[in-house]
Every structure is written in structure tokens, then in C-alpha cells.
Amino acid sequence: MSGNAGRVVALIDGNSFYCSCERVFDPKLARVPVIVLSNNDGCAIARTAEAKALGIRMGEPYFKIRDLCRRQGVRLFSSNYTLYGDMSGRTNAVYRQFSPRVEVYSIDESFLDLSDVAAPVRVELARDLRATVRAWTGIPTCVGIGPTKTLAKLANHIAKSVPALDGVCDLTDAAASDHWLCRVAVGEVWGIGRASLAKLEAMGVESVADLRDLDPRPVRKGLTVVGERIIHELRGLACLPLDLVPARRKGCAVTRSFSARITDRATLEEAVAAHATRLGEKLRREGLGTDHVTVFYHTSEHDRDAPQRSVATTVSLPEHSSDTLALIQAARLGVAKTWRDPSPDRPAWRYSKAGVVTNDLWPLIESPRALIGALDRARSGPLMAAMDACNARWGRGAVVPARAGLVARRDWTTKFDMRTPRYTTQVGELAVVHAGGV
DNA sequence: TCTGGGGTCCTAGGACCC
DNA sequence: TCTGGGGTCCTAGGACCC
């Protein structure tokens with residue numbers, strides 16, 4: 001526990017962040033329902049208030065709401081992560097003008113240390129922050145303030161759901177905390193998910209205040225140390241530090257559902273080779289390497305009457321590497337080792353998803369070399385650097401190893417039928433402004 | 001027809017060791 | 001018939017998050 005009296009943190013996040021990013025570049029989207037879809041245009045993963053009001057839920061499959069969207073004039077967008085990532089960077093640049101101590105928690109949420117801001121002007125500063133972010137980036141936000149991260153998260157939730165608060169809620173004060181914690185359902189607490197909620201409800205816990213007032217020790221039995229920590233945090237005792245420097249990532253995965261089912265080995269191998277290519281790019285960007293690749297592929301639970309198969313296998317590399325050729329080779333081997341051909345009495349499995357996963361990532365600069373079977377770093381380094389440079393300049397996929405496969409059939413690739421231009425990161429996709437009149 | 005992707009942390013239980 | 005008591009490390013699976 002790192003409880004230090006007088007600490008104050010704020011959680012600021014973008015409202016319906018992905019939708020708001022789309023709105024920045026199309027004023028006509030203001031005040032109309034907008035949703036952004038997940039990869040493959042599968043599910044709704046961001047919804048404006050207008051879309052929520054229509055009953056569109058988080059994670060709802062698109063095919064279930066297609067008719068509703070058409071009838072109600074909901075504007076639909078495929079995910080444009082390049083745009084959202086860039087807009088995220090811009091909002092954080094504004095945050096840093098208000099507090100140098102910022103933890104970027106997710107693409108649309110950051111914690112700010114406000115310990116040095118005097119209590120009387122804290123809310124005023126938060127309003128100024130919101131207004132500045134709105135003016136400089138176009139993104140609407142809400143701010144929650146509290147003595148711990150958990151209370152700041154809760155305050156943010158309250159700021160969003162109570163319009164009278166005008167986007168800012170401060171739970172630093174014990175009286176304010178008492179007032180609100182009785183009025184918010186325990187399921188809204190950061191870290192209380194479905195399973196914990198069921199346990200708490202069985203114990204008669206309904207409000208956040210009920211949870212706060214439980215004896216933390218016995219809670220540990222059912223809700224682990226995580227539950228115990230939450231209670232302390234709700235009481236104002238900080239257990240979660242502000243992580244100003246992002247921790248080095250421990251694992252990396254590239255997984256995708258296919259836009260159409262796959263039944264043949266060549267196409268599956270091509271898919272995992274493409275994923276391995278992407279994996280290599282991600283690892284090289286952070287100077288990390290892996291000594292193994294886990295390959296998985298499986299059928300879909302939604303294909304109810306079809307035969308099911310789920311495969312996962314791990315292939316070792318001779319040493320830590322981020323070399324795309326080595327990763328592709330391993331990924332293809334993973335398929336080769338586990339592929340099963342259909343037979344007369346067994347129809348082909350219809351695979352819906354595949355991925356490559358690695359754990360135990362290590363900075364390449366300090367990873368040991370293999371004595372036997374070592375990869376040729378002298379050639380790999382410059383080759384990968386050249387490939388990355390080409391792809392940075394001409395777009396991802398401009399240069400790929402032939403080993404990734406160049407099969408003409410590409411109907412498994414992810415769908416992005418409704419993606420907007422990458423306005424802020426590609427010169428060729430800049431927004432065009434038409435001057436009105438004659 | 002069509003149902004996302006990518007992380008982290010925690011615990012239990014097995015293997016292994018002395 | 002009797003068949004300890006710890007440690008550590010690893011992995012799988014659950015839970016949760018955005």
C-alpha cells in the first residue's frame with residue numbers, strides 16, 4: 001500500500017471517444033446517433049449518447065442492429081485506429097499542460113496528478129481543462145477527481161451520468177464521497193465485473209457505500225486481494241500508484257476473425273503468416289524480441305451444428321528475435337504441425353479465427369545469443385529496417401516477404417467497409433474544405 | 001450471411017527440490 | 001502397516017479492463 005495523505009488524482013476521458021474522433025472531422029455528425037464498429041465490422045464498440053438512447057448496447061453484434069440503424073439514421077463507422085491513436089496523443093499533449101504528471105491509462109483515459117492544486121480551485125481547473133481540450137482537439141471529455149484512482153474513476157462515471165455536474169465530479173471531500181457512494185450501484189466500481197457483482201449481491205451489497213463499509217479481510221476470500229484493495233481505495237487509502245512511465249509490455253498478440261470461414265490449409269497458413277508479419281512490426285517498434293510463437297486457430301461457437309475444433313501450439317525460435325521471416329516460419333510450422341485434412345467421413349472444419357501470440361518478451365539489446373542455430377542478425381537487422389521504412393512511407397503492406405504468401409484469394413481479410421480517411425496522419429487523406437458561395 | 005482484439009493480474013494446482 | 005513439510009517455479013484458467 002502506498003497511501004499518502006493529500007494525494008489527489010483526476011481521471012479524464014473522452015466521451016464516446018471513437019465517435020467523437022469521427023465527429024471532429026464531420027460537423028454533420030453532431031447531435032445524430034453515431035456508432036463505431038469493431039474489427040470486421042462485427043460489433044458496436046463506441047456509441048454516442050443518441051445511439052445509446054436508441055437502446056444500442058456495448059458490444060452488440062452489428063447484424064442484430066442493422067435494421068434499427070437504417071430506420072433511425074444511425075451513422076456507422078469502421079474502426080480507424082490510426083486516427084484515434086493520433087487524436088489520443090493530441091489530447092494527452094493538452095493534459096500535460098495542466099499537470100506534468102500524467103499516466104496514460106488507455107487510448108481515451110488518463111490519470112493526472114492534481115495533488116499540488118489547491119482544493120478551492122480544483123474543480124475550476126478541471127473545467128478549464130475540459131474547455132481547452134475541446135477547443136484544441138474537438139474532443140468532449142469528463143473529469144473525475146478523488147484521493148485514489150478508484151474514487152477518481154467512480155467520480156468520472158458520476159460526472160458522465162449526472163448532467164447537472166457539467167462534466168466534473170470531485171470526490172476528494174469525505175462529505176461528497178458519502179453523498180454519492182450511497183447513490184451509485186456497486187457494479188459501477190472499477191474492478192467489479194460480472195462474477196464479483198454476483199458474489200456481492202449474494203452478500204446483500206447493493207451500493208458502492210455498502211462495499212466500502214465491508215470488512216476488507218474476509219472479502220479477500222471471495223474477491224481475492226483485488227477486492228480487498230478496492231475497499232481500501234474506496235475509503236481513500238491509495239493502493240494503486242500513478243504509473244508515469246509505461247511498464248514494458250509482457251506479451252504481444254495479433255489475432256483476427258476471418259470475414260469468411262476458412263476450410264483450406266493454404267489460406268490458413270497465409271493468414272497466420274500475415275499475422276506474424278504484423279507481430280514482427282509491433283515487436284520491432286518497441287525493440288522487443290520473443291523466443292517462441294504460439295499459433296492458434298479455431299472454429300466458431302456460433303456455427304452451432306458444425307463440428308468444432310480448437311488448436312493451439314507453440315513453436316520455439318533458436319533465440320529471441322523480431323525477424324519477420326523467422327516469425328512467419330514458426331507460424332507456418334505451427335499450422336503444419338496441427339493441420340488435419342478432411343476425410344470422407346469427416347467434413348472440413350470451418351475455421352473462423354486465427355492468431356499468433358507471444359509471452360515473455362525481452363528487449364533484444366539485452367537478450368542472450370544462441371550458440372547453435374543463431375539467426376543471422378547481421379542481415380536481418382538492415383533488412384527489417386528497410387522493410388519497415390518502406391511500409392512507413394508507402395503504407396502497411398507495401399513490402400511483405402514473399403514467404404508471407406501471395407495467394408490471390410484474400411476473402412478472409414478483415415472487413416473495414418466504412419472506414420474514414422486517416423485525416424491526421426496521411427497527407428493524401430487530409431480533410432478537404434470547400435469554400436462556400438459562387 | 002453476419003457475433004472484436006489486446007492486454008494485465010491473480011489463484012490453484014502440479015512438478016520438482018531438499 | 002508405515003508413506004513429511006516445506007519451499008519455488010510454471011502453467012492454465014478465471015476475471016477484469018478498455
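Here is how names work: the chains are called A, B, and so on, in the same order as the sequence lines, proteins then strands, and each is numbered from 1. Keep in mind that what you see is a predicted model, and the values were worked out from it rather than measured. Just so you know, these numbers use all the heavy atoms, side chains as well, and skip hydrogens, waters and symmetry mates.
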Look at all strands and tell whether A:K153 reaches a base, only sugar-phosphate, or nothing, counting heavy atoms closer than 4.0 Å. sugar-phosphate
With salt bridge (charged side-chain N to carboxylate O under 4.0 Å, His left out) as the criterion, how do A:D13 and A:K160 come out once you've worked through the C-alpha distance, each side chain's angles and the decisive distance to 0.1 Å? CA-CA 10 Å; A:D13 74 341; A:K160 264 208 211 61; 2.8 Å; yes
OP1 or OP2 of B:dC9 less than 4.0 angstrom from a side-chain nitrogen or oxygen of A:K250, does that happen here? yes
Under 4.0 Å protein heavy-atom contact, by nucleotide of nucleotides 10-15 of chain B - B base, S sugar-phosphate only: SS----
Heavy-atom nearest pair, A:V34 first then A:A51, reads O-CB, 3.7 Å
Could you state the CG-C1' distance from A:N39 to B:dG6, rounded to the nearest angstrom? 10 Å
Look at the side chain of A:C43 and decide which nucleotide, out of B:dG7, C:dC18, B:dG4, has an atom nearest to it. B:dG4
Would you call A:R23 and A:E50 a salt bridge, using N to O less than 4.0 angstrom? yes
Closest approach of A:A336 and A:R265, non-hydrogen atoms and distance? CB-NH2, 3.5 Å
Contact class for A:R256 (heavy atom, under 4.0 Å): base, sugar-phosphate, or nothing? sugar-phosphate
Mind checking if A:Y105 touches a base, just sugar-phosphate, or nothing, with heavy atoms under 4.0 Å? sugar-phosphate
What residues 191-213 of chain A contributes to the DNA chain C interface at heavy-atom separation below 4.0 Å is A:G191, A:I192, A:G193, A:R194, A:A195, A:S196
Pair A:K250 + A:D360: basic N to acidic O under 4.0 Å: no
Distance to the ring centre below 6.0 angstrom and angle to the axis at most 45 degrees; does that hold for A:R419 and A:F416? yes
Please report, rounded to the nearest Å, how far the P atom of C:dC16 is from the CD atom of A:E188. 14 Å
In whole Å, I'd like the distance from the CG atom of A:L37 to the P atom of B:dC2. 16 Å
Value in whole Å for how far the P atom of B:dT3 lies from CZ of A:R350: 10 Å
For A:S110 and A:E103, what are the C-alpha separation, side-chain angles and deciding distance, and is it a side-chain hydrogen bond (donor to acceptor under 3.5 Å, both in side chains)? CA-CA 6 Å; A:S110 292; A:E103 174 188 336; over 6 Å; no
From the set C:dC18, B:dG7, B:dG4, return the single nucleotide nearest to any side-chain atom of A:C252. B:dG7
Taking any heavy-atom pair under 4.0 Å as a contact, classify A:V36: base, sugar-phosphate, or nothing. nothing
Whole-Å distance, A:R57 CZ to B:dG4 C1', equals 16 Å
Look at A:E233 together with A:K149 and state whether they make a salt bridge at an N to O cut-off of under 4.0 Å. no
Testing the basics here: between A:L288 and A:S322, what is the closest heavy-atom pair and its distance to 0.1 Å? O-CB, 3.3 Å
Check this one for me: any side-chain N or O of A:S257 less than 4.0 Å away from OP1 or OP2 of B:dG5? yes
Scan A:D41 against the nucleic acid and name what it touches under 4.0 Å (heavy atoms): base, sugar-phosphate only, or nothing. nothing
Verify the neighbour count for atom CZ of A:R57: are there more than 12 heavy atoms of other residues, nucleotides or ligands below 6.0 Å? no
Rounded off to whole Å, could you give me the CD-to-P distance for the A:E281 and B:dG6 pair? 13 Å
When all nucleic acid strands are considered with a 4.0 Å heavy-atom cut-off, which category describes A:G59: base, sugar-phosphate, or nothing? nothing
Would you jot down, in residue-number order, the residues of residues 282-305 of chain A having a non-hydrogen atom under 4.0 Å from DNA chain B? A:K282, A:H302
Without swapping roles, check the side chain of A:E109 against the backbone of A:L11 for a donor-acceptor pair under 3.5 Å. no
Whole angstroms only, please: what is the CG-P distance between A:D67 and B:dC2? 16 Å
Just to verify, what does A:W180 make a ring pair (Phe, Tyr, Trp, His ring centres under 6.0 Å) with, not counting sequence neighbours? none
Pair pattern of DNA chain C in dot-bracket, where unpaired bases get dots and | marks partners in another strand, Watson-Crick or G-U under 3.5 angstrom: ....||||||||||||||
To the nearest angstrom, how far is A:E60 atom CD from B:dC2 atom P? 18 Å
B:dG7 phosphate, OP1 or OP2: any side-chain N/O from A:R248 under 4.0 angstrom? no
How would you label the contact of A:V357 with the nucleic acid (heavy atoms, under 4.0 Å): base, sugar-phosphate, or nothing? nothing
In short, side chain to side chain donor-acceptor pair (under 3.5 Å) pairs touching residues 347-359 of chain A with sequence neighbours left out are A:D303-A:R350, A:R309-A:Y351
Inspect the contact between A:R285 and A:E281 and indicate whether a charged nitrogen and a carboxylate oxygen are less than 4.0 angstrom apart. no
Is a salt bridge present between A:R90 and A:D86, judged by a nitrogen-to-oxygen distance below 4.0 Å? yes
What's the closest nucleotide to the A:I45 side chain, out of B:dT3, B:dG4, C:dC18? B:dG4
Salt-bridged, A:E60 to A:R47, with N to O below 4.0 Å? no
Where the side chain of A:T255 is defined as all heavy atoms beyond and including C-beta, which of B:dG4, B:dG7, B:dG6 is the nearest nucleotide? B:dG6
